[in-house]
Amino acid sequence: MDAGSGNMSFRKSVLSVVRDIPHGGTMSYGEVARRAGFPRAARAVGSLMRKNFDSMVPCHRVIRSDGRLGEYNRGGEDVKRKLLEKEGVLFDDRGRVCTA
DNA sequence: AACGTGACTTACG
DNA sequence: GCGTAAGCCACGT
């Protein structure tokens with residue numbers, strides 16, 4: 001897998017993982033980092049997403065580990081939530097992604 | 001090469 | 001459940 005991060009740079013590996021998140025699915029920054037081969041780089045993943053403006057990368061599907069959405073450089077949490085709802089992602093009463 | 005920064009995470013009170 | 005603190009990491013200066 002290209003996400004094996006063996007020789008893959010952090011950036012490429014992470015983008016690849018995020019790009020592979022299925023429609024209607026979500027993944028926490030930590031999960032993305034782990035899957036990319038950098039289990040402790042959740043924070044760096046966020047920094048990378050912040051700089052990434054590639055529409056091929058569904059960064060709106062990357063959320064916080066506690067179920068909150070986190071930020072979004074294309075309109076903030078509101079837009080982010082809207083996009084996810086549109087993709088069929090379920091939310092609980094507190095506006096967090098339903099993980100159950 | 002050192003420092004500051006930030007779309008994070010976990011632990012503690 | 002919430003606020004604060006500390007840990008962790010890659011990146012631009």
What verdict does the side-chain contact (heavy atoms from CB on, under 4.5 Å) test give for Asp92(A) and Thr99(A), after you've listed the backbone C-alpha separation in whole Å, the side-chain angles of each residue and the deciding distance to 0.1 Å? CA-CA 9 Å; Asp92(A) 61 17; Thr99(A) 54; over 6 Å; no

Kindly indicate, with the supporting measurements, whether the criterion side-chain contact (heavy atoms from CB on, under 4.5 Å) is fulfilled by Leu15(A) and Met49(A). CA-CA 8 Å; Leu15(A) 292 180; Met49(A) 297 292 95; 3.9 Å; yes

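The hydrophobic cluster containing Met27(A) also contains Val57(A), counting ILVMFWY residues as joined when their side-chain heavy atoms lie under 4.5 angstrom apart, directly or transitively. In the hydrophobic clustering of ILVMFWY residues, with side-chain heavy atoms under 4.5 Å counting as a link, Phe38(A) and Val17(A) come out together.
Under a 4.0 Å N-O distance rule, the pair Arg61(A)/Glu87(A) qualifies as a salt bridge. Note on Glu77(A) versus Lys80(A): no salt bridge recorded, every NZ/NE/NH1/NH2 to OD/OE distance being 4.0 Å or above.
For DNA chain C, the outermost nucleotides in 5' to 3' order that have an atom under 4.0 Å from a heavy atom of chain A are dG1(C) to dG12(C).
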Output one letter per nucleotide in nucleotides 2-10 of chain B: B when a protein non-hydrogen atom lies under 4.0 Å from the base, S when only the sugar-phosphate is that close, - when neither is. ----BBBBS

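Taking all atoms of both residues into account, the shortest heavy-atom contact from Phe10(A) to Val45(A) is CZ-N, 3.8 Å. Looking at every heavy atom in both residues, Tyr29(A) comes nearest to Ala42(A) through CB-O, 3.8 Å.
Across all strands, Arg94(A) comes closer than 4.0 Å only to sugar-phosphate atoms, never to a base (heavy-atom distances). Within 4.0 Å of Arg61(A), counting heavy atoms only, lies no atom of the nucleic acid at all.
Of the two residues contacting DNA chain C, namely Arg96(A) and Arg11(A), the nearest-nucleotide position lying further toward the 5' end is that of Arg96(A).
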